[in-house]
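I have placed the structure first, in the form of structure tokens, so that the comments after it can refer back to it.
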Amino acid sequence: MASTEGPAPVEPTPPVDVLYCQVCSFPVEYCEFGSSFTRCKEWLQKTDGALYDRFYSEEALQAKIGTLSLEAQEKLEKDTAKKEAKAEAKAESALKKKMASQVTIKRIERNKRKHVTAILGLENFDVDLKKAAKFFATKFATGASVTKNLQGQDEIVVQGDVSGEIVDMIEDGVGLLKGVPKDNVVEVEEKKKKAGE
């Protein structure tokens with residue numbers, strides 16, 4: 001008879017715990033390839049000093065740099081500085097664009113006494129339009145939907161004349177509307193044109 005002993009059981013390897021950077025969302029050993037390397041290093045130093053020493057201490061840096069020539073080191077430093085400056089400029093321009101954009105709240109007359117309220121420009125302030133439409137629908141107990149206007153832009157259309165309440169909600173920073181500055185809100189009234197005009 002053959003022996004019943006088989007190969008020795010293999011120990012399963014445990015999963016590797018990977019620490020992801022909260023600044024660039026890369027694993028910490030790959031932060032140097034991102035555009036915000038300096039901020040990543042500062043975050044890692046605050047979060048995990050031992051890991052910071054492993055990757056960015058003087059000995060670790062000398063071991064990495066020891067294989068590079070002086071020209072390559074200078075080029076690497078220039079490229080890193082250029083990437084960081086470009087990322088900061090991009091973030092600054094996005095912030096300027098965000099602060100320059102406006103939220104338009106239109107009160108549109110449908111019939112003689114029926115109105116709808118259209119809200120345009122909330123997406124510039126990182127507000128999810130579908131969630132905001134649902135929020136307005138439950139808040140005012142009316143119908144609300146996201147539609148495209150004639151210019152092809154997304155807008156929220158809420159049934160009823162609720163423009164004043166929406167302005168108050170933005171000023172108070174209620175719910176999804178916390179990030180919208182009240183200075184960027186414009187109220188517009190749009191009346192239906194008569195047949196004789």
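For the numbers below, each heavy atom of this structure counts, side chains included, while hydrogens, waters and symmetry mates do not.
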Look up atom [atom1] in [X] and atom [atom2] in [Y], then write down how far apart they are to the nearest 0.5 Å.
X	Y	atom1	atom2	value
Asp79	Lys86	CG	NZ	11.5 Å
Glu29	Leu19	CD	CG	8.5 Å
Gln45	Glu42	CD	CD	8.0 Å
Lys41	Cys21	NZ	SG	12.5 Å

Discussion item. Given Val146, which partner from the list Val157, Asp154, Ile119 fulfils the side chain to side chain contact (heavy atoms under 4.5 Å, CB included) test?
Written reply: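 Of the listed residues Val157, Asp154, Ile119, the side chain to side chain contact (heavy atoms under 4.5 Å, CB included) partner of Val146 is Asp154.
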Worksheet entry | Given Val23, Leu44, Val18, the one that forms side chain to side chain contact (heavy atoms under 4.5 Å, CB included) with Val28 | Leu44
Taking all non-hydrogen atoms of both residues, which atom of [X] and which atom of [Y] are closest, and how far apart?
X	Y	value
Trp43	Tyr20	CH2-O, 3.5 Å
Glu155	Ala118	OE1-CB, 3.7 Å
Cys31	Cys24	SG-SG, 3.6 Å
Leu129	Glu123	CD1-OE1, 3.7 Å
Ser163	Thr117	N-OG1, 3.7 Å

Worksheet entry | Steps toward side chain to side chain contact (heavy atoms under 4.5 Å, CB included) verdict (Phe135, Lys130) | CA-CA 9 Å; Phe135 176 71; Lys130 288 190 177 190; over 6 Å; no
Discussion item. When you measure from the side chain of Asn111 to the backbone of Arg113, do you find a donor-acceptor pair of N or O atoms at a distance under 3.5 Å?
Written reply: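 Checking the backbone N and O of Arg113 against the side chain of Asn111, no donor-acceptor pair under 3.5 Å is found.
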Worksheet entry | Given Lys114, His115, Arg107, the one that forms side-chain hydrogen bond (donor to acceptor under 3.5 Å, both in side chains) with Asp161 |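 Exactly one candidate clears the test, Arg107.
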Practice prompt. Report the C-alpha separation of Met169 and Lys139 in whole Å, then their side-chain angles, then the decisive distance to 0.1 Å, and conclude whether the side chain to side chain contact (heavy atoms under 4.5 Å, CB included) test is met.
Written response: CA-CA 11 Å; Met169 289 171 69; Lys139 177 75 177 170; 4.1 Å; yes
Name the atoms and distances for all side-chain donor-acceptor pairs under 3.5 Å in residues 87-95, with sequence neighbours left out.
| from | atom 1 | to | atom 2 | distance (Å) |
| --- | --- | --- | --- | --- |
| Ser93 | OG | Ala89 | O | 3.4 |
| Ser93 | OG | Lys90 | O | 2.9 |

Looking at side-chain heavy atoms only, is the closest gap between [X] and [Y] below 4.5 Å?
X	Y	result
Ile156	Phe136	yes
Gln102	Val185	no
Ile170	Ile105	yes

Discussion item. Test of understanding: clusters of I, L, V, M, F, W, Y form through side-chain heavy atoms closer than 4.5 Å, transitively. Do Val127 and Val158 belong to the same one?
Written reply: yes
Item to complete: Quick one: list whatever passes ring-ring contact (aromatic ring centres under 6.0 Å, His included) with Tyr52, sequence neighbours left out.
Response: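 Listed in chain order: Tyr56.
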Discussion item. Restricting to side-chain hydrogen bond (donor to acceptor under 3.5 Å, both in side chains), what partner residues turn up for Thr142, sequence neighbours left out?
Written reply: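 Listed in chain order: nothing, the list is empty.
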